[in-house]
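Read through the structure below, which is laid out as structure tokens, and then see the notes.
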Amino acid sequence: MTDVSHKFDGRTILAGLSLTLTPGDVMVVTGANGAGKSTLLRIAAGLLKPTSGGAERGGGMTGYAAPDLQPWSELSARENLDFLARIRGCADAGREAIKWLEAAGFPAVHLPTPAATLSTGQRQRLKLAMAWLGRPTLLILDEPGSNLDDEGRSLVARLIGEARCDGAVLLATNDSAEAALGGRHLELRVLD
Amino acid sequence: MSAELKVLSVLLVVWVGLFFYLLHLDREIRKIKDRQP
Amino acid sequence: MSSASWISRTLAILAKDARAELRTRYALNAVLLFALSSLVAVSMSLAGARPGPDMLAAFLWILMVFAAMAGLPRSFVHEEERQTSGWLKLSASPAMVYCGKFAFNLLLILLVELVTVPIFLVLLNVTPVHPAAFCLAIGLGCLGLAAAGTLVAAIVARTQNRGSLFAALALPLLLPVIVTGTIATRESLSPGTGAVAWGEVRVLLSYAVVVFTGGLLLFEFVWND
Amino acid sequence: MSSAQRDGNWFFRHWWKWLLFLGMILVLAATFLWLPVVQRPAWDAATNSWKPEPWPLFRIMIFHVPMSWVATIAFLVATIHSIQVLRTGSRLADLKAATASELGLLFGIMATVTGSIWARYEWGSFWNWDPRETSILILILIYGAYFALRSAIPTETTRARLSAVYAILAFLMVPFLVFIVPRMVESLHPAPILDRRGKMQMDKELLVVFLSSLTLFTILFGWLWHLKVSIVRARDRW
């Protein structure tokens with residue numbers, strides 16, 4: 001990401017930010033609400049084009065999990081993962097993700113039921129599994145620990161540890177425990 | 001003849017009015033542009 | 001990326017939409033209910049009068065278009081409302097998403113027409129004189145409706161009040177299809193004269209091709225922020 | 001340069017505006033006073049022969065055709081700038097496209113009004129679905145929808161992009177509308193002055209007045225467009 005700045009409705013959110021992530025990096029982004037954490041992550045994932053500057057991602061898949069991104073509630077957890085694997089062109093990754101999900105304490109009985117029936121904690125675990133599916137070279141997590149119990153939080157730490165050997169991790173959080181996981185830190189201030 | 005003259009005079013009045021309104025706008029912009037650096 | 005995986009990924013999007021649709025039947029119910037009730041209303045208002053081919057063609061096409069208006073926006077509006085479009089943006093190229101959604105919309109409209117058209121023919125006891133030409137006109141019409149509808153649905157999904165603007169935005173663009181489709185259907189219903197109105201067929205085909213390719217090129221600007 | 005001095009040569013820097021002013025007056029005067037009334041063959045039952053009959057209504061053509069011509073030009077300009085918006089994402093291009101569409105809508109409506117006046121006296125009813133008028137009406141609907149779309153999108157960048165996409169899609173409709181719809185419906189409209197093979201059917205004087213009216217309306221469009229764009233830029237300080 002080189003010299004990225006982003007304005008939204010006249011308000012400058014990011015100004016001249018440059019950032020490079022190399023495989024194995026775990027970058028934690030912290031800052032008050034509205035400092036632009038989510039904007040930065042969305043630009044890094046390529047979901048949002050910055051007003052100026054650019055963001056390039058090396059080859060390979062990008063995994064992204066955020067509060068404003070939901071699984072398909074009509075489909076079951078299994079179908080969500082299988083579908084995501086198929087459109088990412090790595091068919092067997094679905095089974096691997098389901099195995100990971102079960103290991104993450106996701107009740108097997110809920111695998112076939114529509115995602116709408118999941119509790120928020122289970123839904124968050126599913127989202128993490130969907131983000132991690134296919135071993136992305138860049139994993140972006142926006143407050144992954146939200147509405148997760150303690151056991152869930154340790155799951156996030158394990159996930160980051162695993163993802164680290166595939167590629168880089170970009171994590172935005174206000175939770176001090178999660179912030180400690182990161183190697184590199186970036187503090188965002190509210191600009192205006 | 002008078003019908004044509006009537007129509008013509010109406011159209012002429014409309015056109016002259018429109019033209020000077022546009023000229024007025026044109027000068028307004030020139031003023032604003034002069035004030036800005 | 002080999003074209004084989006490209007097609008299979010596009011079909012995956014279609015399969016996902018189809019499965020989600022069959023499960024909730026959100027659009028299907030809306031469209032079928034709409035088509036059938038307006039069909040019955042029309043036939044009752046005719047009260048047994050024997051309308052000529054042009055009236056019949058006009059009625060049929062009005063029903064077809066308005067049924068499509070009820071079902072088409074769902075494909076994209078649902079993704080934006082349920083905040084699931086992010087997954088697609090990350091994992092698939094805009095072209096795949098567009099083709100997947102286009103195929104879904106086409107299937108949806110064809111399914112609706114397969115139900116409403118026969119009932120229309122029965123209710124108004126019409127037997128098309130040239131059935132092949134009739135089906136060709138309806139089929140190409142659906143193609144045109146799906147082509148224009150998909151892109152407009154994508155645009156409308158990004159607006160503030162989501163789907164409510166769809167009819168207002170889509171209808172003007174669909175007028176060429178409606179006008180030409182009605183004429184083609186009228187030709188196929190009226191006895192005598194050559195069954196297939198080749199002029200109209202060419203127009204419908206070129207419309208579908210132009211709008212589909214235009215949509216494919218423009219979709220990327222609608223889809224990515 | 002102080003504004004007074006600039007005002008001094010203000011008259012000379014804007015000669016073409018005065019040309020437009022006088023030109024339009026000349027065209028108006030010519031159509032109503034100087035031009036010979038166009039004759040058209042009318043079936044005279046008494047003598048069972050075609051007899052030329054004065055046709056004053058034809059004068060409206062000198063204004064109707066340029067207006068629908070300018071409406072089409074405006075749509076072309078709007079599409080070009082919409083492509084610019086998609087390529088460079090510049091706010092100015094979006095403003096130019098929106099202004100051109102606005103003027104296109106305005107001239108389109110005027111063309112429809114003059115067209116229906118023509119239809120009123122020529123075929124008895126204000127509107128009888130003749131293909132050329134239907135095409136312009138459809139185009140007006142499209143641009144009505146364009147502005148409905150613009151008003152439904154709060155954020156500026158998305159609004160610029162989405163309305164640009166819609167404008168381009170709408171312009172894809174133009175060939176279908178303008179060329180195909182008229183051929184489909186048996187046309188009541190008089191063979192358009194520039195009939196298919198582009199041969200003019202008008203005699204010399206009428207042609208001169210018609211062409212000058214056409215150019216003057218196009219210049220007027222250009223000026224209105226420039227004015228609106230600079231007013232918005234001046235008001236919003238960008």
To the nearest 0.5 Å, how far apart are NZ in Lys89(C) and OG1 in Thr62(A)? 14.5 Å
To the nearest 0.5 Å, what is the distance between CD (Glu79(C)) and CH2 (Trp72(A))? 6.0 Å
Do you know which of Thr10(C), Leu88(C), Asn224(C) has the most heavy-atom pairs with chain A at a distance under 4.5 angstrom? Leu88(C)
Any side-chain heavy-atom pair from Leu69(A) and Gln83(C) closer than 4.5 angstrom? no
Between Ser8(C) and chain A, which part of the residue has a heavy atom less than 4.5 Å away: side chain, backbone, both or neither? backbone
Below 4.5 Å from any heavy atom of chain A, which atoms of Arg23(C) appear? Answer side chain, backbone, both or neither. side chain
Would you say Ile13(C) and Phe83(A) make side-chain contact, with heavy atoms under 4.5 Å? yes
Which atom pair, heavy atoms only, marks the closest approach of Leu84(A) to Ser91(C)? CD1-OG, 3.7 Å
Heavy-atom check, side chain of Thr84(C) versus side chain of Pro71(A), under 4.5 Å: no
Say you draw a straight line from CH2 of Trp87(C) to NZ of Lys127(A); how long is it, rounded to the nearest 0.5 Å? 7.5 Å
Work out which heavy atom in Ala15(C) is nearest to a heavy atom in Arg86(A); give both atom names and the distance. CB-NH1, 4.4 Å
Would you say the side chain of Glu74(A) lies within less than 4.5 Å of the side chain of Glu21(C), judging by non-hydrogen atoms? no
Let me confirm one number: the OG-CD distance from Ser85(C) to Gln70(A), rounded to the nearest 0.5 Å. 11.0 Å
Test item: Met96(C) and Ile87(A) side chains (from C-beta on) under 4.5 Å apart, heavy atoms: no
Using a strict cut-off of less than 4.0 Å between a Lys/Arg side-chain nitrogen and an Asp/Glu carboxylate oxygen, indicate whether Lys16(C) and Glu79(A) qualify as a salt bridge. no
